[in-house]
Novice: 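Below you will find the structure I want to go over with you.
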Amino acid sequence: MSPAALLPELLILAGAVAGLVTGLFTARERQWVTAWINAAGLGGAALTTMTSHDMSPFEGYAVDVVTNVARITVSLATILVLGLAAGWARAQPRESELYTLISLAALGAILMAGAADLLVLVAAYLLASIPAYALAGFAKDAAGTEAALKYYLMGAFLGVVMLAGVTLAYGHSGATSYPETRAPAVAAVLLLGGLLFKAGGVPAHFWVPDVAQGASRPVAAFVTTVPKVGAFAALYRLASDGVIDEPALFAVLAAATMTLGNLAAFHQDNVRRLLAYSTISQAGYLLVPVAVAGRTELAAPALLYYLAAYAITNLGAFAVVVTAGADSLREYAGLARRSPWAASALVVCLLGLVGTPPTAVFAGKLLMFAAAWDGGYAWLAVLAAANTVASLFYYLRWIRPVFARQGAPGERRVGAVAVIAAAGSVLLGVGAGLVLLA
Amino acid sequence: MLTLVIFLPLAAAASLALPRVGARTAGWIWIAATAADLALVAALWAGYGGGVAYETRLRWIPSVNAGYHVGVDGLSLPLIAMTSLLFLLCAVYSLGRTPRPRAYAALFLFLQTVCLGLFAALDLLLFFVFFDLAIVGMYFVIVGWGHGDRARSGLMFFLYTFLGSLALLLGFIGLYLAAEPHTFDMADLVADPPRAGGLVLLAVGAGLAVKTPVVPVHTWLPPAHTDAPAAGSAILAGVLLKMGTYGFARIAVPMLPEQWRAHAWVIVVIGVVSVLYGSLVALAQENLKRLVAYTSVNHMGYVVLALGAAGLGGGAAARELAVSGAVTQMVSHGLVTGALFLITGVLWDRAGSYRIGRFGGLAGRAPVLTGLMAVAVFASLGLPGLSGFIAEFQIFTGVIGAGAVAAGAVSLLGILVTAALLLLALQRVFLGGPGELTGRVRDARPGELAAIAPLLVLSLVIGIVPGWLLDLIEPAARAVVTLVGR
C-alpha cells in the first residue's frame, strides 16, 4: 500500500477542505479566494498525475492510464467550471460552499474512474452524486429546486438498484474486486442502472434535460460533463475486466442512446435543453468503445480521447451559454456582432461536437468508428455516422441565428472560459498525436 | 515550400482578424496573398521534375499511423495551380463589391488553404480533414453572402455533403483496417493495396460521388449554386467539385484496384447517366445559373466515365488517354465554369435576376461581356481550339479505345445536347431583341474583365498548345493505369 499513489485525489480533497475552512473566516466579498484554493487543489492533482507512475495504492483502486486520463480530464474541466461559477457566484452568501461541492463531486468522478472493486464504486458513486444534488438546487429558486428533486429521486433510486446489483454479483462470485467478479445478466443490468444514470445514457437519461434547464448555468455545465467522465471510465473498466461481459447489450444501449438523444434534440428552442439532449447523444457515441472493450486495442484510446475531447468541447458550449446569459435560440440572433469572440467559440465548439476536423472530437470520433469496426460492430459505426449527420441539423439551427444581421439586444461580452475551451478543443485535436503518445 | 503554399492564405486570413484593417485594405491583402501564393505555385511548377515532389512527412497521430504528409505530382499540381489562379481571380472579382469584406476575404483565404491542402494531401486523414473543412467554409459563404433562399440551400448543402464525407470517413477506416500494417498513409496504401471488400469501395465511392456530384446524388448542387454568391459558386464548381473526382483518381482507383476493375462497368454507367441527365435537365432550365450548375453535373460525368473506363480491360494506351483526359477536364472545367459563374454574377449584380427570359439582346449594350460569354460557352461545349476540346477528345478516344464503345457513343449525345443548350442560352440572353431587364445591364467593368478574361485566355492557351500541361499529366495518368492494372 502506498498512499503517495493517491496524491492527486488527496490534493483535491485538501483543496476542498481548505477552501471550506478558509471560507468560514473570510469576508463575503473576498470569498473568491476559495475558488483559487479549490482550483489549486485540482491543478495540483493534474500536475502530479502527469508525473506519477502506474501503481496500485491498494486492492480495489487501480491507478492506470484510464484513471490518469480521468484525473487530468476531470481536474482541468473542473477548473474551467470553477471559472464559470466564480463569475456567477461572486459575493453570494454561500460562495465557498459552492466551490467545495464542485470539488467534491469532481473527486467522486475520479474515484469512480479508479474504482476496481464494486464497493469502492458504490462509495464513489455516492460521493459523485450527493454534492451534485445540492449543486442542482444551489440557487434556491423554483426551477433549481425542481431539478434537484428530480435529480435526487432518480439518482437515489438507481443507486439502490446498483447496490442490489452489487449484492447479486457478490452472491454469485463471492468477491467484489473486479478481476474475480462475474456479474450474471440480471446483476449486470442492475449495475448498469446506476452507471447509466451518471453517464446520462438511455434509459436513465430523463434527468439530464431537466437539470440542464433548471439548475444554474455553471452547474448545468458541470453535471453534464464531469460526472460522465467518471461514469464512462467505470463502465469501461467493468467491461474490459469482464465483470459485465455483455457487449451486445452495450451496443444496443449505445445505439438507443445516440439515436434518442438526437431525435429529442431536433426541435428544442431552449439551448440548454438542446445541449442536454446533445450530451445524451454524445453518451451514445461514448458507449461504443465500451461495447468493444477488450475486443480491439483501439477501444481504450477511443474512449479516453473522446472523453477528454467531449469534456472540453461541451464545457466550451456551456460557457458560451453562461457568457451570453440567454437560453432561447432567438436571443442568440446577432451574437457574432455583439460578442465576436464568444460567437467564434460557440461555432468552434458546436462544429466540434459534430466532429468537424481538426477539433478534438473529430479525432475521438475517428478512433471510435475505427474501434467499432475493428471490434466487429461495423453497423454501430454506420449508425453513429448517420446520427452524426442528423446531429448537424440541430447544431446548425443554433449557429445560424448567431450570424443574423439583425441582432437581439444584449451587451458585449468576451467569455474567456469559452474561448479557452474552444482553443483547447482545437489544440487537442491538432496535437492529437502528442496526447495519444503520452 | 509546399507547406508554405498551403498555409500562406491562412496566415493572411489571420492577419485580417487584426483590428484596424479597413474594408479596402482587406480586399488588397486578399489579392496580395493570393497573388503571392500563385507565384509560389508557379515556382513549384517550374522546379517540378517528375514523380512525387516537395514531399513533407511528419507524424501527427502515430497510434493510427496518420501523419501530415503532403507532396505534389502530375495529378495534383495542375489542380493546385488552377485552384490558386481561381482564388486570385475571385479576389479580383470581389474587390469592392461585397458587404463585410473582411470576413468574406478571411473565409475565402481559409477555403484556399483547405483546397490546396486537400490536393496536396498524401494521407487519408489529412485529406479528410481538408475535405470536411471545405464544406464548413462553403456553408458559411452561402449562408452569409448568398441570396434567395440561402439558409435552406446552405443547410441542404451542408447536410448532404456532410453525409457524403462521413461515408468517405467510414470508407477510409475500412481501408485503414484492411491494410497490413494499419495505416492512413496514401503512399503506403498505394504501394501495397489493402485487400478491402466491395463495401469499402461503396463507402469511399458514395462519399466522393456526393461531392462530384453524379446522378442520383447531385440534388444539393443546383440550389447551392443558385443561392451562393458569384465567387462562391465559382469556387464551389471550379474547385470543390474536383475534390470528388480527384479523390477517385487519387484514392479509389489506385488503392482499390481489384474492386475498381470489378465494378468498372457500374462506374461507367453512372458516368454516362450523369452526362445525359445533366445535359437534359440543363436544357430545361430557365435560370441561367442553374443551367450552368447542371452543365457541371454533365462535365463531371465525363470525368467519372473516363475513370471508370480506366478500370476496363482495353489497351493500356487508350486507358491512359482516358485518365489524362479526365485530369485535363478537371482543370478545364475549373477554368471555364469559374468564368461562366463570374459572368452570371455580373448579370445578377446589374439586374438582380438569373431568368433567361427576362434578358435578351445584351450584345448591343454589353459587347465585352457578350464576347466573354461567347468564349466561355464555346470552351464549355468543347469547341476545338479551347481547353474543353482537348479534354473531351482524349476522354472519348480513351473510353472508346478501352472497350466501352456504346458508353462513348451515348455520351457523345451529351455533347450534342450541351452544345445546343449553351448556344440556345447564349442566343436568348445576348442576341435577339431586348428583354425587360436588358436596360439595366451595363458592360463589364475593368475589374470584372481582369477577373474573367485570364480564365478564358488560359483555356485558349491550353486549347492551342496543350503540350506543357499534358506533359505533366501523362506520366501521372500512366501511373494510375499501371496501379489499377495490378
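Letters A, B, ... mirror the listed sequences (proteins, then strands); counts begin at 1. Atoms considered below: every heavy atom in the structure, side chains included; atoms not considered: hydrogens, waters and symmetry mates.
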Novice: May I ask you to name which of A/Ala378, A/Ala385, A/Ala363 has the most heavy-atom pairs under 4.5 Å with chain B?
Specialist: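 The answer is A/Ala385.
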
Novice: Over all heavy atoms of both residues, which pair between A/Thr356 and B/Asp132 is shortest? Give the atoms and the distance, please.
Specialist: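 So the two residues come closest at CA-OD2, 4.0 Å.
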
Novice: Using non-hydrogen atoms only, which part of B/Val129 is less than 4.5 Å away from chain A: side chain, backbone, both, or neither?
Specialist: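 For B/Val129, the contact with chain A is made by backbone and side chain together.
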
Novice: Report the option among A/Gly355, A/Ala370, A/Ala386 that has the most heavy-atom pairs separated by less than 4.5 Å from atoms of chain B.
Specialist: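 The residue among A/Gly355, A/Ala370, A/Ala386 with the greatest pair count is A/Ala370.
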
Novice: Restricting to non-hydrogen atoms, name the atom on A/Leu366 and the atom on B/Ile173 that form the minimum distance, rounded to 0.1 Å.
Specialist: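 Here A/Leu366 and B/Ile173 meet closest at O-CD1, 3.8 Å.
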
Novice: Under 4.5 Å heavy-atom distance to chain B, tell me which part of A/Phe403 shows up: side chain, backbone, both or neither.
Specialist: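 The answer is the side chain of A/Phe403.
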
Novice: Out of B/Phe172, B/Phe140, B/Tyr68, B/Phe162, return the one with the most heavy atom pairs under 4.5 angstrom to chain A.
Specialist: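 Option with the greatest count: B/Phe162.
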
Novice: Where on A/Val347 is there a heavy atom nearer than 4.5 Å to chain B: the side chain, the backbone, both, or neither?
Specialist: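 The side chain, not the backbone.
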
Novice: To the nearest 0.5 Å, how far apart are OH in B/Tyr139 and CZ in A/Arg400?
Specialist: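 So the OH of B/Tyr139 and the CZ of A/Arg400 are separated by 5.5 Å.
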
Novice: Tell me, out of B/Val143, B/Leu199, B/Leu169, who's got the most heavy-atom pairs with chain A below 4.5 Å.
Specialist: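 Result: the option with the highest number of such pairs is B/Leu169.
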
Novice: side-chain contact (heavy atoms from CB on, under 4.5 Å), that's the test. Do B/Leu125 and A/Phe362 meet it? Break it down for me.
Specialist: CA-CA 11 Å; B/Leu125 218 48; A/Phe362 163 68; 4.1 Å; yes

Novice: Is there a donor-acceptor pair closer than 3.5 Å between any side-chain N or O of B/Trp60 and the backbone N or O of A/Val430?
Specialist: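 Yes.
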
Novice: Could you tell me which portion of B/Tyr160 (side chain, backbone, both or neither) has an atom closer than 4.5 angstrom to a non-hydrogen atom of chain A?
Specialist: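 Neither the backbone nor the side chain of B/Tyr160 comes within 4.5 Å of chain A.
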
Novice: Find out whether B/Leu133 and A/Pro358 are in side-chain contact, i.e. whether some heavy atom of one side chain is under 4.5 Å from a heavy atom of the other.
Specialist: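 Sidechains of A/Pro358 and B/Leu133: in contact.
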
Novice: Between B/Leu177 and chain A, with a heavy-atom cut-off of 4.5 Å, which part of the residue counts as in contact: side chain, backbone, both or neither?
Specialist: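 Only the side chain of B/Leu177 comes within 4.5 Å of chain A.
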
Novice: Please check if atom CZ in B/Arg152 has more than 12 non-hydrogen atoms from other residues, nucleotides or ligands closer than 6.0 Å.
Specialist: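 Counting neighbours around CZ of B/Arg152, 12 or fewer heavy atoms of other residues, nucleotides or ligands fall under 6.0 Å, so no.
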
Novice: What distance do A/Leu396 atom CG and B/Phe158 atom CZ have between them, rounded to the nearest 0.5 Å?
Specialist: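 Going from CG on A/Leu396 over to CZ on B/Phe158, the span is 5.5 Å.
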
Novice: Can you name the nearest heavy-atom pair linking A/Trp373 to B/Leu170, along with the distance?
Specialist: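 Reported closest heavy-atom pair: CZ3-O, 3.1 Å.
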
